Asks: 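Dropping a structure here in structure tokens format, bear with me for questions.
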Amino acid sequence: MSEKNISLTLRVWRQAGPHVKGQLITYHLDDVSTDMSFLEMIDVLNEKLTLRDEDPIAFDHDCREGICGMCGAVVDGQVHGPETATTLCQLHMRHFTDGDTIIVEPFRSRAFPIIKDLVVDRSGLDKIIQAGGYISASTGGSTDANAMPIPTQTAEEAMDAAACIGCGACVASCPNASAMLFAGAKVSQLALLPQGKAEREKRVWSIVHKMDELGFGNCSNERECEATCPKEISISHIARFNREFTRAAFVSREK
Amino acid sequence: MHLDAKIPSGPLAEKWDKHKFDLKLVSPANKRKFNIIIVGTGLAGSSAAASLAELGYNIQSFCIQDSPRRAHSIAAQGGINAAKNYPNDGDSIHRLFYDTIKGGDFRSREANVYRLAQVSNQIIDHCVALGVPFAREYGGGLATRSFGGAQVSRTFYARGQTGQQLLLGAYSAMSRQIHLGKITMFPRREILDIILVDGKARGIIVRNLITGDIERYTAHAVILATGGYGNVFNLSTNAIASNATAIWKAYQKGALFANPCFTQIHPTCIPVHGTYQSKLTLMSESLRNDGRVWVPKKPGDKRAPEDIPEEQRSYYLEEKYPSFGNLVPRDVASRNAKEQCDAGRGVGDTGFSVYLDFHDAIKRMGEDAIRSKYGNLFQMYEKIVAENPYKTPMKIYPAVHYTMGGLWVDYNLMSNIPGLFVLGEANFSDHGANRLGASALMQGLADGYFVIPNTLGNYLAEQTLNPVETDHPSFQDSHSQALEKMHKLLAIKGKRTVDDFHKELGHVMWDNCGMQRNAKDLEKALELIPAIREEFWKNVTVPGNNDDFNQSLEKAYRVADFLELAELMVHDALARKESCGGHFREESQTDENEAKRDDKNYSHVAAWEYQGIESKPRLHKENLKFENVQLTQRSYK
Ligand SMILES: Cc1cc2nc3c(=O)[nH]c(=O)nc-3n(C[C@H](O)[C@H](O)[C@H](O)COP(=O)(O)OP(=O)(O)OC[C@H]3O[C@@H](n4cnc5c(N)ncnc54)[C@H](O)[C@@H]3O)c2cc1C
Ligand code: FES
């Protein structure tokens, strides 16, 4: 860790509530240690605002280690900031230079209404999972875990998909506000595993309909989602989602 | 007060089965008539919500985050234990039981720990059925690894994201029940109080974190699964929002708080580096499978690690504990790291770190093998520290990680308040004075998937519970008290921030009630804490209003409770004059500086009863009986 201090100008989106107008407000911040995380930098600013009896910047966060998916903002036009494979909480100030002006805005997406400042409503993602992102196995009835061998390769691929943290960066970066990477990752994980096979047609159908109903857009192969995903989830899962959907259409027509 | 743990009679291995048979059942048709509140959606809360909803109960589930999937459990890295014995290396239910009770330094109940080991295997089965992508061997069977305090390989894992995968499994089961209308989910809610009617838990009030409204909910029973209180120390590996409010309010309503001073300091965390630091990041203990811990032999040696030749390094854990080596339990590893640093052999800028070196493992297995086992941890380390751990050894130091203490519960996981159940890290039940790695996930899921679905029904079947409305005086009182407290916090308009007070409290706790404790320091803490609390209520500044989205107010509310709980922890640490597990009293150590228990005087659970903020809490003791294990001085040599 070779620490140094830098000075920054921040332009932060401030919006008191869902129905009021927001605007970018400028703040100057000196002595920002380059070892700080981006959120720690906002903490420091918020401490200053608090002591001036101004409203601190509202932002979502919890684990601060890139796993809970709670944090997220658009930094200089990029979802989760300039580093690839990084959530906002894992972005460190060493990636900025003394004198930089940084623009910080909430996720901008019709699917994610603003609650306050950088905080948005991502409950649509939960609703997608509720529509079918599960295996209907009730507690108590399971067979021995090793009864059904799963090749390492398959398990690893399922895990690649399951690594999604549900932060919504994919939706926020998509010009169509599509949740295909999020949904694709879940459908793909469960389609790969033998345990998920029984419900595969129903699952993909319900999820597609739910996404439409919630106003998430379609995928037009912009690939922005894959580029911003902090867990580097591959769009190959969208391809598998599409195959699952086609297959489901075919299977159910045969019935 | 008589503390009845309700431990079933009969031989240890038959207690749980016998108990399940003795418990009264609620018929399927009647389950529909019961409303159950579950606060918390971590492993414990979400597994309980899903399982109880599957049984037919109506569940109302609450959490702070915007989604139940984001509970702190998501961050657990290393794995979950079970006694499957798939590797055929001599594991069994009895061995898992024994390791856990010994690891806890014989300060937990035999019957609880045995049950935990018994249901551990079913947990793995169920998680696989839910689609949890555990790591697998080439033959397609489940892979395992070893963890501290065990000589068998029984830890199941999903890369370094086991907590995430287990939680997403439980969350998906919950999502199914939400879809079916059996669970109503209330995210972005924070509990303000627990409502008792006729002495029984019958509801809660919460703050809607978006609107600031205080909302009231009634139920036939209330289950708290709100996690641990390690954030009393300010810096810990816990998520930022982890807090003690729910269990603290329950304590103030008469629930006993058991072993509050039992805190686990985890040996492998990224060291503290600045005053602005908001949390400490854990590097999973599983890394100690392949990483070797060392410091330079010569105090003050500032050479780069690669310039220090082999013979000038001290692999102090391997030297001191040849049979467990780097895999000694956490408390032992932590104290040894501190000892090395205090002796001037610590490394890094601050001198408060030791090396965790993968050089030999990479030479043995290749970089790819290490990457597939720990890739995400290495990546996380590199992001934070800006050093490549494949090339340069990691620097690690102990940090507050887990609280073994929590609300006192009986064998049915019910507190001494009828109808108030406590699951997961929020209770005190299974880990004694030290929790073994990969056992918290096991306990959370055991409580939620397999214990509470059996024990809750018995309580409901035994009661006549009259209907309760939200305008009941108990609701009115709690509502106005909570509101008054918030108005007070907002009106102080002092000169110090909430964070500033939290940091001060954290320092006092770390210095005086941390890895090593002694009477003098603890007594000092008993003077310092009330003083900080007093100043907090005179000089804190909380901007904004209560009827709005206000994160400063949320924080203030949590820290106000930490300022009270800290004092209870110190009382407990002072009263327990022995050392055991993570509770190391300097006055009580062996010649080799290991924790020295005093079984004659302290073989009990210390359960504290609230007597008012300014009064000393009252101590009740539940004596621990050991009929199946021999109490030995723990030795990992
Ligand atoms: C970094 C890290 C790594 C770990 N790795 C492992 C591991 O590898 N293996 C292992 O066994 N254990 C591990 N642990 C420990 C383990 O993760 C926790 O003990 C366990 O997940 C706790 O689960 P829980 O369900 O009891 O509570 P939590 O997961 O903490 O959930 C608490 C829930 O309660 C809610 N809540 C809290 N307070 C309130 C309130 N006031 N009002 C309303 N809701 C509230 C929260 O929103 C959340 O939903 C690790 C812990 C950490 C910190
Ligand atoms: S705060 Fe959890 S992912 Fe950033």
Side-chain angles (χ1 to χ4, degrees), chain A residues 1 3 33 35-36 39-40 43-44 47 50-51 53-56 58 60-70 86 90 92 94 115-116 119 121-123 125-126 129-131 133-139 142-146 149-152 155 158-159 162-163 166 189-190 193 195-196, chain B residues 50-51 54 65-67 69-70 72 74-75 84 86 124-126 128-131 133-142 158-159 161 164-165 168 172-173 175-176 178-179 210 239-241 273-274 276-279 281 349 380 383-386 449 453 493 497 499 541 543-544 549 551-552:
Chain A
M1 288 182 232
E3 189 185 358
S33 158
D35 276 345
M36 278 182 191
L39 298 187
E40 284 169 343
D43 287 342
V44 171
E47 286 290 279
T50 304
L51 289 173
D53 204 24
E54 288 175 41
D55 206 16
D60 267 332
H61 62 105
D62 198 19
C63 73
R64 298 209 174 188
E65 46 188 70
I67 192 76
C68 73
M70 186 99 180
T86 306
Q90 292 294 81
H92 280 73
R94 63 180 76 96
I115 294 174
K116 184 178 179 181
V119 178
D121 176 358
R122 288 167 294 188
S123 54
L125 299 179
D126 285 322
I129 300 297
Q130 285 154 21
Y134 47 77
I135 293 171
S136 301
S138 294
T139 315
S142 317
T143 52
D144 186 85
N146 257 355
I150 301 177
T152 334
M159 181 61 215
Q189 175 203 345
L190 300 180
L193 298 170
Q195 289 82 2
Chain B
S51 306
E54 285 160 13
Q65 293 79 8
D66 66 333
S67 160
R69 68 180 285 157
R70 305 200 203 284
H72 162 63
I74 200 93
K84 284 284 193 186
Y86 287 155
I124 304 299
D125 298 342
H126 185 50
V128 167
L130 287 173
F134 282 119
R136 303 223 164 220
E137 305 288 357
Y138 282 104
L142 292 172
R159 292 192 192 145
Q161 292 129 278
Q164 180 200 25
Q165 293 311 314
L168 293 183
S172 72
S175 296
R176 172 162 78 112
I178 294 173
H179 182 69
I210 296 180
I240 302 286
H273 55 83
Y276 48 81
Q277 193 152 350
S278 56
K279 81 160 279 178
T281 304
D349 296 342
M380 188 148 80
K383 283 221 169 95
I384 296 174
V385 183
Y449 282 138
K493 298 256 175 267
T497 62
D499 281 355
T541 180
F549 189 95
Q551 292 173 315
S552 307

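This is a predicted model, so every value here is computed, not measured. Just so it is clear: chains get the letters A, B, ... in the order the sequence lines come, proteins before strands, and each one is counted from 1. Hydrogens, waters and symmetry mates are skipped; everything else that's a heavy atom, side chains included, is used.
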Asks: So how far is it from B:K279 NZ to A:C63 SG, rounded to the nearest 0.5 Å?
Replies: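 Rounded to the nearest 0.5 Å, the NZ-SG separation comes to 6.0 Å.
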Asks: Taking atom CD1 of A:I67 and atom CD of B:Q164, what is their separation to the nearest 0.5 Å?
Replies: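 Rounded to the nearest 0.5 Å, the CD1-CD separation comes out at 4.0 Å.
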Asks: Does any backbone or side-chain atom of A:D43 lie under 4.5 Å from a heavy atom of chain B? Answer side chain, backbone, both or neither.
Replies: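 Only the side chain of A:D43 comes within 4.5 Å of chain B.
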Asks: Between B:R176 and chain A, which part of the residue has a heavy atom less than 4.5 Å away: side chain, backbone, both or neither?
Replies: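 Both backbone and side chain.
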Asks: Given that the side chain runs from C-beta out, which part of B:S552 has a heavy atom under 4.5 Å from chain A: side chain, backbone, both or neither?
Replies: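 For B:S552, side-chain heavy atoms alone lie under 4.5 Å from chain A.
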Asks: Is there side-chain contact between A:D62 and B:R70, with at least one heavy-atom pair below 4.5 Å?
Replies: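 With C-beta onward as the side chain, the pair stays apart.
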Asks: So how far is it from A:E47 CD to B:D499 CG, rounded to the nearest 0.5 Å?
Replies: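 Rounded to the nearest 0.5 Å, the CD-CG separation comes to 4.0 Å.
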Asks: Given a strict heavy-atom distance threshold of 4.5 Å, which part of A:I115 is in contact with chain B: side chain, backbone, both, or neither?
Replies: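 For A:I115, the side chain is the part near chain B, not the backbone.
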Asks: Below 4.5 Å from any heavy atom of chain A, which atoms of B:L168 appear? Answer side chain, backbone, both or neither.
Replies: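 Side chain of B:L168 only, per the 4.5 Å heavy-atom cut-off to chain A.
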Asks: Please state whether the side chain, the backbone, both or neither of B:L142 comes within less than 4.5 Å of a heavy atom of chain A.
Replies: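 Contact with chain A: backbone and side chain both.
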Asks: Please look at B:Y86 and chain A and tell me whether the side chain, the backbone, both or neither of the residue comes under 4.5 angstrom of a heavy atom of that chain.
Replies: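 Side chain only.
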Asks: So B:Q551 and A:D60, do their side chains get closer than 4.5 Å, heavy atoms only?
Replies: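 The answer is yes; the side chains approach within 4.5 Å.
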Asks: Which answer fits B:I210, side chain, backbone, both or neither, if we ask what part of it has an atom under 4.5 Å from a heavy atom of chain A?
Replies: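 Looking at B:I210, just its side chain touches chain A.
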Asks: Just so I understand: if I count every heavy-atom pair under 4.5 Å between each of B:R159, B:K84, B:H179 and chain A, which residue has the most?
Replies: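 Ranked by contacts with chain A, first place is B:R159.
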Asks: Out of curiosity, B:Q65 CD to A:M70 CE, how far, rounded to the nearest 0.5 Å?
Replies: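 The CE atom of A:M70 is 5.5 Å from CD of B:Q65, to the nearest 0.5 Å.
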Asks: Please classify the contact of A:S33 with chain B as side chain, backbone, both or neither, using a heavy-atom distance under 4.5 Å.
Replies: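 When you check distances to chain B, only side chain atoms of A:S33 fall under 4.5 Å.
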Asks: Taking B:S67's backbone N and O only, do any of them form a donor-acceptor pair with A:D126's side chain (distance below 3.5 Å, no angle check)?
Replies: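 Between the backbone of B:S67 and the side chain of A:D126 there is no qualifying donor-acceptor contact (under 3.5 Å).
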Asks: Of the backbone (N, CA, C, O) and the side chain (C-beta and beyond), which part of B:E137 lies under 4.5 Å from a heavy atom of chain A, both, or neither?
Replies: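 Contact with chain A: backbone only.
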Asks: Measure across B:A129 and A:Q195 and return the closest heavy-atom pair with its distance rounded to 0.1 Å.
Replies: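 Heavy atoms only, the tightest pair is O-CB, 3.8 Å.
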Asks: Can we say A:R122 and B:D66 salt-bridge, meaning some charged N sits less than 4.0 Å from an Asp/Glu carboxylate O?
Replies: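 The answer is yes: the pair qualifies as a salt bridge.
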Asks: Ignoring hydrogens, what is the shortest heavy-atom contact between B:P133 and A:M159? Give both atom names and the distance.
Replies: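 Answer, listing the atom of B:P133 first, then A:M159: CG-SD, 3.8 Å.
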